[in-house]
Amino acid sequence: MPCTTLLVGKKASNDGSSMIARTNDTHFGVKKMIVVEPKKQPRKYTSVIGHLTIELPEEPLRYTACPNVDLKNGLWAVGGFNAAGVSMTATETITTNPRVLAADPMVEYKKAEKRGQKDVPGGIGEEDLVVLVLPYIHSAREGVLRLGKLLEEYGTYESNGIAFNDRDEVWWFETIGGHHWIAARVRDEEVVVMPNQFGLDRFDFADAYGKQKDYLCSADLKEFVAANHLDLNQGKEFNPRLAFGSHSLHDHVYNTPRAWYMGRSLCPTGYKWDGPDADFTPVSDDIPWSFIPERKLAAEDVAQILSSHYEDTPYDPFAKFAEKPGILRPIGISRTDVTTINQIRPDMPDELAAVEWLCFASTTYSAFLPLYPHVSKMPKYLSEVTMDCSTENLFWASRLIGALTDPHYGHAIMEVGRYKEAVAVRGRQIIREYDQKMLASGKYDLFEEANEKLAQMAKEETTKCLNAVLSVACEKMKNGFDRSDN
């Protein structure tokens, strides 16, 4: 699925947190946030798309997830935290090229054509990865290795990027064809930008085949590259993006513009982003995979970047001065169903370190709500979602705010701005309150109480915003008329 990912190393954040964040962009899916207890985790998993059955290990860990409400197309759990404090987000759909696919084809499900023949299962994909990996890992690196082993054994039917973080490290994993993979540790001082393209632009084979400090890959990747003449570098260091990724006009309207805007947000003065002599433009194929930001990022900065629609550029679809509005795919897009920022705070004990920021529907119009993930259940306002529209849950209320605001952006966006700020301020206040209570007592047993209070606050602020934007939308209806209009 088309998504946007932002990864923050611990020295690039304001408080030493590592963060992995991703918008989950689908064709208007319906999501909820739940907790999967070990007894609810299957011991034998069968995928809907791949028709593949996999035996899973015993003793899974509890974990949070944002699955589909309607399971006819599979679970699609998005990501979350497990009880060991490890986080995962899956997946960023990425690109590849015909040379890779010819050498290592995708593993696709094949239905039997004749009676007596057996179906041929496909590989694993975005539908499956969280449930296959997150409950069984105790570090980000362990997540990379487990996923790599699964990929080598079962293959995949699509190209994906996956992120993991723990207290010490952030790792980025990308698939290559049906069975190969590559992964890199995000440097502590860097922020990674990922816009639906193969991202990695650096890789050290010596480290990957040696100490494995910063790089990991499938065992035969170097040989695979050589045998299939995939290295396109002109005598320089190996560039995985050139070898495994795409280079198309489609990228220039759908992918590279988002990397350009994220880089522009992170390093506004370090590079020239506009004009004929710009270092990078929306159609540049060499925008760096990672940046050292000019100022450190808080969770709210990550949320703002992932909510953007090319503000202060000629491409903003809402700006009156925009020269080329709506021609580029924005980050904050209508079909986002859920976005999470998985934050691990270094100055807290293990029990308190994790905070999962949740945003339903289009990020442009929705608020990010902080939550404690180490719980046995999530509040009903977040978890009890059906396929029917209702203001009694955050998913549908968020979707309604976006639908009402978008056609009346100039008149209603101020209400949305107040809403976002109110949830951010009150959310942080509640997290601070319960952090201090639990630190003072030494007992970490107030997570569910805190989440209920956060959910109730979110409901109050969301209802207030919904009332306000509905009023604006009613005032601006096309069939409005006053006697003074005559």
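Reckoned from all heavy atoms, side chains included, excluding hydrogens, waters and symmetry mates. The model shown is predicted, which means the values in this text are computed figures rather than measured ones.
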Inset, instruction - Give every residue pair that meets the ring pair (Phe, Tyr, Trp, His ring centres under 6.0 Å) criterion with at least one member in residues 180-204, sequence neighbours excluded. - result: F173-W181, H180-F224, F198-F244, F203-F205, F203-Y215
Legend entry - Pairwise ring pair (Phe, Tyr, Trp, His ring centres under 6.0 Å) hits with a residue in residues 96-150, at least two apart: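 Output for this query lists H51-Y109.
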Distance alone, cut at 3.5 Å: any donor-acceptor contact between the side chains of [X] and [Y]?
| X | Y | answer |
| --- | --- | --- |
| D166 | S139 | no |
| W76 | E126 | no |
| T340 | E356 | no |
| T53 | T46 | yes |

Not counting sequence neighbours, which residues clear side-chain contact (heavy atoms from CB on, under 4.5 Å) with [X]? List them please.
| X | result |
| --- | --- |
| T23 | C3, T4, D25, L306, T336, T339, T363 |
| S248 | H250, D251 |
| R43 | Q41, E58, P60 |
| S265 | Y261, I305 |

Legend entry - Within 6.0 Å of CG in L249, more than 12 heavy atoms from elsewhere: no
Inset, instruction - Using a cut-off of 6.0 Å, state whether more than 12 heavy atoms not belonging to E237 lie near its atom CD. - result: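 No, not enclosed.
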Legend entry - Min side-chain heavy-atom separation I94-Q197 under 4.5 Å: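 Answer no - side chains too far apart.
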